Trainee: 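Handing you a structure now.
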Amino acid sequence: QRYGQNNVIMSDILKPPQEILESGPYVFADILDFKKLQELIVNYNIDWIIHFSALLSAIGENNVPLAMRVNIEGLHNVLELAKQYRLKIFVPSTIGAFGPDSPRDPTPDLCIQRPRTIYGVSKVHAELMGEYYYHKFGMDFRSLRFPGIISADTNPGGGTTDYAVKIFHDALKSGHFKCYLREDTMLPMMFIDDCLRSVVEFMETPESKLKMRTYNVTAMSFTPDEIVEEVRKYVPELKVTYEIDGRQAIADTWPKRFDDSNARADWGWKHTMDLPQMCKAMFEFLDPSHQKQKQRIKA
Ligand SMILES: NC(=O)c1ccc[n+]([C@@H]2O[C@H](COP(=O)([O-])OP(=O)(O)OC[C@H]3O[C@@H](n4cnc5c(N)ncnc54)[C@H](O)[C@@H]3O)[C@@H](O)[C@H]2O)c1
Ligand SMILES: C[C@@H](O)[C@H](N)C(=O)O
């Protein structure tokens with residue numbers, strides 16, 4: 001809406017759902033196919049790249065060679081394209097770019113980053129490569145380190161924070177939430193609307209206001225225990241069992257709380273959704289009978 005329906009070209013290697021097809025141009029583009037990407041940039045007269053393609057933390061550990069190709073080779077392709085065609089470029093980073101040696105509560109923008117997943121390593125690489133291209137070639141590279149992103153309209157993509165989306169589907173489908181993280185595991189999170197708005201606001205910020213090229217952003221931090229308590233306001237009979245898997249070891253090295261004070265000070269970042277507001281939005285989207293439950297909560 002903001003930029004004109006035909007001025008944002010979406011691409012992936014997946015077949016899109018109907019509503020995406022109807023919302024504007026959609027094209028196949030493999031991030032590993034440099035020539036095809038060149039063709040798209042020229043044919044559509046592209047001036048910004050928002051580079052979302054990646055393998056997330058848990059799925060990346062299951063296929064390290066593919067994660068290296070998509071996350072590292074793919075990044076090299078878009079950086080080179082941005083340089084060649086003088087494009088502005090956004091590459092998301094993540095809380096996963098920190099590791100066990102980073103301060104975890106809170107985690108500031110600048111501190112030691114020694115992640116232990118291929119996903120985290122590829123994201124530190126992206127931050128550093130982008131900043132290198134900025135200093136060396138004057139490329140307008142920008143990156144935000146996101147916390148776990150919670151959305152209702154897409155399935156989670158194989159990350160460590162997926163449980164915070166899964167809980168809503170489990171609660172509504174079976175009433176039984178199987179959680180793969182310990183009940184006291186605290187991680188930073190954000191609702192998708194805040195996430196997408198942060199990208200737009202950050203990309204539109206005049207260069208003169210930016211003191212860094214990569215900023216932490218966050219909205220809330222909670223544990224499985226805390227989200228269960230909130231979800232039970234909508235599904236009081238929710239059964240919860242904990243079946244811890246390999247994702248616990250990843251979460252145990254990630255920030256518990258994220259310090260995003262630089263983003264707030266430099267370009268005015270502000271989240272709008274906290275845990276109760278996020279749960280309300282998720283149930284409104286996923287559960288048609290939500291109105292009844294809302295009345296029950298008020299009573
Ligand atoms: N979801 C989160 O919680 C979160 C948090 C921090 C950062 N991020 C970052 O945001 C971005 C998007 O994350 P997401 O949650 O939407 O992940 P996702 O797994 O849902 O989406 C990634 C997309 O990349 C596409 N892809 C894979 N290989 C490709 C290739 N060769 N060419 C083109 N596309 C390819 C996949 O088809 C998929 O649609 C990622 O860079 C991720 O690191 C996400
Ligand atoms: C945090 C983020 O980068 C992603 N959701 C993951 O867990 O891998």
Side-chain angles (χ1 to χ4, degrees), residues 1-56 59-60 63 65-94 119 122-123 125-146 149 151 153-155 157-158 192-193 195-207 210 213-214 267:
Q1 274 175 341
R2 190 180 185 94
Y3 298 106
Q5 202 179 5
N6 289 319
N7 292 330
V8 180
I9 320 297
M10 192 168 173
S11 71
D12 206 313
I13 51 173
L14 302 176
K15 266 179 98 175
Q18 193 56 30
E19 67 267 21
I20 294 285
L21 276 180
E22 284 163 9
S23 69
Y26 183 95
V27 293
F28 173 92
D30 183 345
I31 206 66
L32 299 172
D33 185 348
F34 190 82
K35 273 243 158 298
K36 171 75 181 182
L37 298 174
Q38 274 186 310
E39 192 183 310
L40 291 174
I41 288 166
V42 171
N43 290 354
Y44 283 100
N45 196 19
I46 301 289
D47 50 8
W48 289 15
I49 296 184
I50 311 291
H51 171 55
F52 276 137
S53 325
L55 260 62
L56 302 188
I59 207 161
N63 195 341
L66 185 63
M68 284 170 60
R69 291 204 67 205
V70 174
N71 296 13
I72 298 176
E73 240 181 274
L75 172 89
H76 292 173
N77 283 345
V78 293
L79 285 179
E80 264 312 298
L81 291 163
K83 174 171 155 253
Q84 239 180 57
Y85 294 99
R86 306 204 67 74
L87 313 178
K88 188 164 175 170
I89 178 168
F90 176 83
V91 180
S93 187
T94 163
Y119 175 63
S122 70
K123 290 295 184 176
H125 176 75
E127 293 177 10
L128 293 176
M129 286 296 289
E131 290 178 16
Y132 173 75
Y133 271 61
Y134 163 70
H135 291 293
K136 177 94 179 167
F137 306 115
M139 195 177 82
D140 193 347
F141 167 87
R142 302 181 186 204
S143 178
L144 295 177
R145 295 192 194 98
F146 290 128
I149 303 301
S151 65
D153 59 349
T154 53
N155 288 322
I192 185 71
D193 292 10
C195 168
L196 296 176
R197 185 174 49 76
S198 74
V199 177
V200 172
E201 289 178 4
F202 182 48
M203 289 299 274
E204 289 182 350
T205 299
E207 288 224 51
L210 299 183
R213 290 281 136 183
T214 306
W267 50 275

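What you are looking at is a predicted structure, and each value in this text was computed from that prediction instead of being measured.
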Trainee: Of all the heavy-atom pairs spanning L55 and Y119, show the shortest one and how long it is.
Mentor: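 Closest pair (atom of L55, atom of Y119, distance): O-CD1, 3.1 Å.
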Trainee: Could you list the residues that satisfy salt bridge (Lys or Arg N to Asp or Glu O under 4.0 Å) with R142, not counting sequence neighbours?
Mentor: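 For R142 the salt bridge (Lys or Arg N to Asp or Glu O under 4.0 Å) partners, ignoring immediate neighbours, are D140.
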Trainee: Sequence neighbours excluded, which residues qualify as side-chain contact (heavy atoms from CB on, under 4.5 Å) partners of N77?
Mentor: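 Applying side-chain contact (heavy atoms from CB on, under 4.5 Å) to N77 gives F34, L37.
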Trainee: Check S53 against I31 and note the closest heavy-atom contact, atom names and distance.
Mentor: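 For S53 versus I31, the nearest heavy atoms are OG-CD1, 4.1 Å.
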Trainee: How close do N6 and P25 get, counting heavy atoms only, and between which atoms?
Mentor: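 Residues N6 and P25, closest heavy atoms: OD1-CD, 3.8 Å.
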Trainee: Among residues at least two apart in sequence or on other chains, which ones pass side-chain contact (heavy atoms from CB on, under 4.5 Å) with V200?
Mentor: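 V200: side-chain contact (heavy atoms from CB on, under 4.5 Å) contacts with R2, Y3, E204.
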Trainee: I need the minimum non-hydrogen distance between A54 and N71, along with the two atoms involved.
Mentor: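 Minimum heavy-atom contact is CA-OD1, 3.3 Å.
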Trainee: Roughly how far apart are R86 CZ and D47 CG, rounded to 0.5 Å?
Mentor: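 With rounding to 0.5 Å, CZ (R86) is 13.5 Å from CG (D47).
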Trainee: Over all heavy atoms of both residues, which pair between P92 and F52 is shortest? Give the atoms and the distance, please.
Mentor: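 Taking P92 first and F52 second, the nearest heavy atoms are CG-CD2, 3.5 Å.
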Trainee: Which class fits the ring pair F90 and F146: parallel under 30°, tilted 30 to 60°, perpendicular over 60°?
Mentor: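 Aromatic pair F90/F146 classed tilted.
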Trainee: Please report the interatomic distance OG1(T94) to CG(L144), rounded to the nearest 0.5 Å.
Mentor: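 Reported value, rounded in 0.5 Å steps: 12.0 Å.
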Trainee: What's the spacing between D153 CG and I192 CD1 if we round to 0.5 Å?
Mentor: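 The CG atom of D153 sits 7.5 Å away from the CD1 atom of I192.
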Trainee: Can you sort out the partners of K35 under side-chain hydrogen bond (donor to acceptor under 3.5 Å, both in side chains), two or more places apart, ordered by chain and number?
Mentor: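 Checked K35 against side-chain hydrogen bond (donor to acceptor under 3.5 Å, both in side chains); matches are Q38.
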Trainee: Determine which pairs satisfy salt bridge (charged side-chain N to carboxylate O under 4.0 Å, His left out) with at least one residue from residues 69-82, sequence neighbours left out, and list them in order.
Mentor: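 Every pair satisfying salt bridge (charged side-chain N to carboxylate O under 4.0 Å, His left out) with a residue in residues 69-82: R69-E73, E80-K83.
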Trainee: Determine, step by step, whether F28 and D12 satisfy the side-chain contact (heavy atoms from CB on, under 4.5 Å) criterion, reporting the C-alpha distance in whole Å, the side-chain angles of both residues, the deciding distance to 0.1 Å, and the verdict.
Mentor: CA-CA 5 Å; F28 173 92; D12 206 313; over 6 Å; no
Trainee: Find out whether H125 and H76 are in side-chain contact, i.e. whether some heavy atom of one side chain is under 4.5 Å from a heavy atom of the other.
Mentor: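 SC-SC contact between H125 and H76 confirmed.
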Trainee: Using modelled atom types only, decide if a donor and an acceptor are shared between the side chain of K88 and the backbone of M203 within a distance under 3.5 Å.
Mentor: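 Side chain of K88 to backbone of M203: a pair is present.
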Trainee: Can you see which heavy atom on G157 is nearest to which on I59, and at what distance?
Mentor: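 Scanning both residues completely, I find the closest heavy atoms to be O-CG2, 4.0 Å.
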Trainee: Going from CG on N45 to CG on L40, what distance comes out if it is rounded to the nearest 0.5 angstrom?
Mentor: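 So the gap between those two atoms works out to 12.5 Å.
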Trainee: Can you see whether S93 engages E127 through a side-chain donor-acceptor pair at a distance of less than 3.5 angstrom?
Mentor: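 Their side chains do contain a donor-acceptor pair, which is all the 3.5 Å distance test asks for.
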Trainee: Would you say that V27 contacts Y44 through its side chain, given a criterion of any heavy-atom pair below 4.5 Å between the two side chains?
Mentor: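 Side chain of V27 against side chain of Y44, heavy atoms only: contact under 4.5 Å found.
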Trainee: As an exercise, state the distance from OH of Y133 to CD1 of I89, rounded to the nearest 0.5 Å.
Mentor: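 That separation rounds to 10.0 Å.
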Trainee: N63 versus P65: any side-chain heavy-atom pair under 4.5 Å?
Mentor: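 In contact.
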Trainee: Within a radius of less than 6.0 Å around CE of M129, do more than 12 heavy atoms belonging to other residues, nucleotides or ligands occur?
Mentor: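 Above 12, so yes.
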Trainee: Among all residues two or more places apart in sequence or in another chain, which pass the side-chain hydrogen bond (donor to acceptor under 3.5 Å, both in side chains) test with E207?
Mentor: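 Counting only residues at least two positions away or on another chain, E207 forms a side-chain hydrogen bond (donor to acceptor under 3.5 Å, both in side chains) with R213.
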Trainee: Roughly how far apart are S11 OG and Y26 OH, rounded to 0.5 Å?
Mentor: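 The OG atom of S11 sits 7.0 Å away from the OH atom of Y26.
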